[in-house]
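What follows is a set of notes on a single structure, which appears directly below.
Atoms within each ligand, like the ligands themselves, are counted from 1 in listed order.
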Amino acid sequence: MEAKITAIGTYAPEKVIDNHYFESFLDTSDEWIRTRTGITERRYSADNEYTSDLSIAAVKNLAARYGKTISDVDFILVATVTHDQIMPSMASQLQYRLNIPNAAALDISAACAGFGYGLTLARSLIRSGMYRKILLVGAETLTKVTDFEDRTSCILFGDGAGALLIEAADKGNIGECIAGAEGSGGQELYLSTQATQVNGTPIKANNKIVQNGRAVFRWAVTRMSEMFEAVVEKNGLTKEDIDWFIPHSANMRIIEAICRQVGFPVEKSLESLSRFGNTSSASIPLALDEAVRDGRVKKGDKLLMLGFGGGLTYAGTVVEWGL
Ligand code: ACO
């Protein structure tokens, strides 16, 4: 059997935070944030609103819009780095709270590449013949682990969730996948509760995201340009065949630089950055769903999705949109 995406849903918390908010307590400006990142606003979860809540809202949105039954889902994958708690997993929480009695449940920890990893795993699980109906969720409450004293990072992050239903079908629409890691760059982007070390570098234990923005920026542009070309080639396509490029929304300048590097028109990229900030594993489904809803993405379009982030990790594929 092949793997086919049969529904999409998203959710973002109600509270909208614009760039001026940061001017009240940081040496920054709306102009700097917009021009250096492409972000205009982002959403913040309420104090009592957690990643599991955002995930469930996204799945309910999916089920309602496409009239899907989810009680017979047999595998739940949740990509996140902001679990409500380490154990039980977010996927287990969804299994219980969404009343899905016979599902396996697993969280994916691959930061902003989590959704791409999830697509890779879901496709493989269905093609193995072992599973037939998979819920893939990318959800984050990054603002709960944001260091608001760090002006280079706190302006970036937002909260949100996206979900796909992926089912067994004779003809699938998730193409060949790539997934990889460069653990040697682990210390450039981390989130830790323990004062340990990564690659010999002592790390802070404040349960906040710490990143070397310039290093991640450089890595993302170089490596993701290569990966764009690798995914296209692995699927037997050329870049002219790609209708939409949906990279992880980390920084608009990263997206523009990748497009410039590979010679792909930036106008054919989809981002969720401007309205939602960097939502890590949720950024790709948020960008996709917006374009599905407003009709930019049409049935038959070829979508190149490419996630990259902490680890350092990356994962991507080409989907032929079928909804
Ligand atoms: N407001 C005003 N000035 C600022 C701000 C701010 N919010 N932040 C930094 N600056 C200043 C710096 O202090 C520096 O000033 P200086 O020249 O006097 O020293 C200047 O702006 C330039 O700083 P850079 O760090 O070079 O800024 P850059 O253009 O690289 O932008 C940013 C920083 C936005 C963090 C960028 O590097 C970036 O987006 N990096 C990639 C982030 C990323 O992709 N993360 C991966 C995913 S996240 C995840 O996995 C959860």
Exercise. Are Met305 and Leu323 grouped together when hydrophobic residues (ILVMFWY) are joined by side-chain heavy atoms under 4.5 angstrom apart?
Worked result: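 Same hydrophobic cluster.
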Exercise. In terms of hydrophobic clustering (I, L, V, M, F, W, Y; side-chain heavy atoms under 4.5 Å; direct or indirect links), are Ile56 and Leu142 co-clustered?
Worked result: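 They do not share one cluster, since no chain of ILVMFWY contacts under 4.5 Å joins Ile56 to Leu142.
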For this session: Answer yes or no: is there an ion pair linking Asp74 with Arg132, defined by an N-O contact shorter than 4.0 Å?
Result: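 A salt bridge is absent here (no side-chain N lies under 4.0 Å from a carboxylate O).
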Exercise. Considering the options Val297, Leu304, Val319, which one meets the side chain to side chain contact (heavy atoms under 4.5 Å, CB included) requirement together with Trp244?
Worked result: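 For Trp244, the side chain to side chain contact (heavy atoms under 4.5 Å, CB included) check succeeds only for Val297.
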Problem set entry | side-chain contact (heavy atoms from CB on, under 4.5 Å) between Val318 and Ile242, worked out | CA-CA 8 Å; Val318 175; Ile242 303 299; 4.2 Å; yes
Show me a pair-per-line table, with atom names and distances to 0.1 Å, of protein N or O atoms that are under 3.5 Å from an N or O of ligand 1.
from, atom 1, to, atom 2, distance (Å)
ligand 1, 1 (N), Thr28, OG1, 2.6
ligand 1, 3 (N), Trp32, NE1, 3.4
ligand 1, 3 (N), Arg151, NH1, 3.4
ligand 1, 7 (N), Thr28, OG1, 3.1
ligand 1, 7 (N), Arg151, O, 2.8
ligand 1, 13 (O), Arg151, NH2, 2.9
ligand 1, 25 (O), Arg214, NE, 3.4
ligand 1, 26 (O), Arg214, NE, 2.6
ligand 1, 26 (O), Arg214, NH2, 3.0
ligand 1, 29 (O), Arg36, NE, 3.2
ligand 1, 29 (O), Arg36, NH2, 2.7
ligand 1, 29 (O), Arg253, NH2, 2.6
ligand 1, 37 (O), Gly213, O, 3.2
ligand 1, 39 (O), Asn251, ND2, 2.8
ligand 1, 40 (N), Gly213, O, 3.0
ligand 1, 45 (N), Gln211, OE1, 2.9

Exercise. Which pairs, with at least one residue in residues 293-319 and sequence neighbours excluded, count as a ring-ring contact (aromatic ring centres under 6.0 Å, His included)?
Worked result: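 Listed once each, the pairs are His248-Phe308.
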